[in-house]
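Below: one structure, written as structure tokens.
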Amino acid sequence: MNHIRKDKYKFSQALRPFSFAVALIACGAGVSLAWADGAQSLFSTLLVLLGGVLLQAGVNLINDYSDISDHYNLGIDQVAAIQQNFRIGLCCFGLATLIGLWFVYQIGLDFLYLCLVGLVGALGYTLRPVNYKSRGLGVVLVFWLMGVLMVVGSYLAVMGQWSSSIILFSIPISLLVSLLLLSNELRDFEADKQANIQTLVVRIGYSAGSIIYKVIIACVALSVVLLAWWFDHAWLLSGLMAFIFLPRLLVLLKANAPERVALTKGSGRFLMAFGVLYNISLLFVAFPLV
């Protein structure tokens, strides 16, 4: 029989507010690039950031819906909490959709297509028949959905035009988004394995998951160095100052399950510190992106 932590489905737990850093940093990267390119609209910027947070909240709140069918020892209160969170999550998607439609009106169908891809991807994270969370694909797909897509979409919303260069600038942020989700899977490895939740780390094992965690961090550093060199933009290297958090994260990777609880929060702080420095550096990009 599968065992689920009793407080897992409380609204405050399911909302996962620490993960809002993902939306703020990813959307902030696109906004920073748009401002550097001359589209300095405070109203559009605030709408983009609000829409990003609403999407992140929606994904978090519907995240546990498949547990109703996957686990057999859930209490009545737990099922009710999951269903309530799911309804609130759909409301968040609804509000984000309204913001998206406003940008569609301003920009055109390009933004609509991008929004549809993002919405389908967000719903497919945990809902059947897709449910790529349980297929071990979450770490890979959030790179695109919560990383690249959010950065590109934010730039398009504020700038009103598309630029292929934005994909390149989104890579470090997108890698850190994947890192944050991977840290969550590493943190919950034992509990997920016991509950037969087939995340990537459960499928490949904790040791292999730890190696991937380190590889992603190395790729973040490498991508920043290459971007700074290719675009001759040394300010991008300022994001590497966030690597001061790295030794602590590596220690937590080797910790036992109770101590490893801090891994996700530590990874979130790493993402936030890097993202703030990186996004500020993007404001000084000295060439047109469109």
Side-chain angles (χ1 to χ4, degrees), residues 5 8 12-29 52-53 55-57 59-60 63-64 125 133 136-148 150-151 170-193 197 199-224 238-280:
R5 199 175 70 245
K8 178 181 179 181
S12 58
Q13 294 290 326
L15 186 59
R16 302 173 178 88
F18 69 86
S19 69
F20 291 171
V22 172
L24 293 172
I25 293 300
C27 292
V53 170
L55 283 174
Q56 183 70 58
V59 170
N60 292 346
N63 179 57
D64 300 315
Y125 180 76
K133 169 193 172 185
L137 298 174
V139 172
V140 175
L141 290 179
V142 297
F143 173 91
W144 297 101
L145 295 171
M146 303 303 293
V148 174
M150 272 196 162
V151 176
S170 74
I171 290 175
I173 297 297
S174 303
L175 286 168
L176 285 175
V177 172
S178 291
L179 186 80
L180 185 60
L181 180 59
L182 181 61
S183 74
N184 192 68
E185 293 189 5
L186 289 165
R187 181 198 64 189
D188 296 337
F189 170 69
E190 290 82 3
D192 286 345
K193 186 175 182 180
I197 301 175
T199 63
L200 175 65
V201 176
V202 169
R203 289 170 180 267
I204 66 176
Y206 186 86
S207 178
S210 298
I211 292 174
I212 293 176
Y213 186 95
K214 296 172 185 176
V215 169
I216 291 177
I217 290 177
C219 288
V220 171
L222 178 61
S223 64
V224 170
S238 63
L240 297 180
M241 290 190 290
F243 276 64
I244 191 173
F245 292 103
L246 184 56
R248 172 61 176 165
L249 296 177
L250 296 179
V251 169
L252 289 172
L253 273 179
K254 300 177 181 179
N256 54 34
E259 295 174 342
R260 207 187 311 135
V261 171
L263 180 62
T264 298
K265 291 183 178 179
S267 300
R269 285 192 291 268
F270 178 46
L271 183 152
M272 180 63 81
F274 176 92
V276 169
L277 293 168
Y278 182 76
N279 287 357
I280 290 174

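Keep in mind it's a predicted model, so treat the numbers as computed, not measured. Nothing fancy with the numbering, it's 1 onward along the sequence.
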Report the C-alpha separation of K193 and Y206 in whole Å, then their side-chain angles, then the decisive distance to 0.1 Å, and conclude whether the side chain to side chain contact (heavy atoms under 4.5 Å, CB included) test is met. CA-CA 10 Å; K193 186 175 182 180; Y206 186 86; over 6 Å; no

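- For E259, there are no side chain to side chain donor-acceptor pair (under 3.5 Å) partners, not counting sequence neighbours.
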I would like to know whether L179 and L271 meet side chain to side chain contact (heavy atoms under 4.5 Å, CB included); could you show each step before the answer? CA-CA 9 Å; L179 186 80; L271 183 152; over 6 Å; no

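- In this structure the side chain of F20 reaches within 4.5 angstrom of the side chain of L15, judged on heavy atoms.
- Summarising the geometry, atom CG belonging to L137 is positioned 11.0 Å from atom OG1 belonging to T199; distances are rounded to the nearest 0.5 Å.
- Side chain of S178 to backbone of V139: a donor-acceptor contact under 3.5 angstrom is found.
- Contact of the F143 side chain with the V177 side chain is not registered, since no non-hydrogen atoms from C-beta on lie closer than 4.5 Å.
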Applying side chain to side chain contact (heavy atoms under 4.5 Å, CB included), run through V59 and L55 and close with a yes or a no. CA-CA 6 Å; V59 170; L55 283 174; 5.6 Å; no

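- Of the inter-residue distances, the one linking L175 atom CG with L222 atom CG reads 10.0 Å to the nearest 0.5 angstrom.
- Partners of S19 according to the side chain to side chain donor-acceptor pair (under 3.5 Å) rule, which considers only residues two or more places apart in sequence or in another chain, are N60.
- Relative orientation of the F274 and F243 rings is perpendicular, given thresholds of 30° and 60° on the angle between their planes.
- Checked by atom type and distance alone, the side chain of N184 never pairs as donor or acceptor with a backbone atom of T264 at under 3.5 Å.
- With sequence neighbours excluded, no residue forms a side chain to side chain donor-acceptor pair (under 3.5 Å) with R269.
- Proximity of L253 to K214: side-chain heavy atoms (C-beta onward) are separated by under 4.5 Å at one or more points.
- Here the side chain of R203 pairs no donor or acceptor atom with the backbone of V201 at under 3.5 angstrom.
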Criterion side chain to side chain contact (heavy atoms under 4.5 Å, CB included) on I204 and I212, from CA distance to verdict: CA-CA 10 Å; I204 66 176; I212 293 176; 3.5 Å; yes

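- Although no hydrogens or angles enter the test, the distance criterion places no donor-acceptor pair under 3.5 Å between the side chain of Q56 and the main chain of V22.
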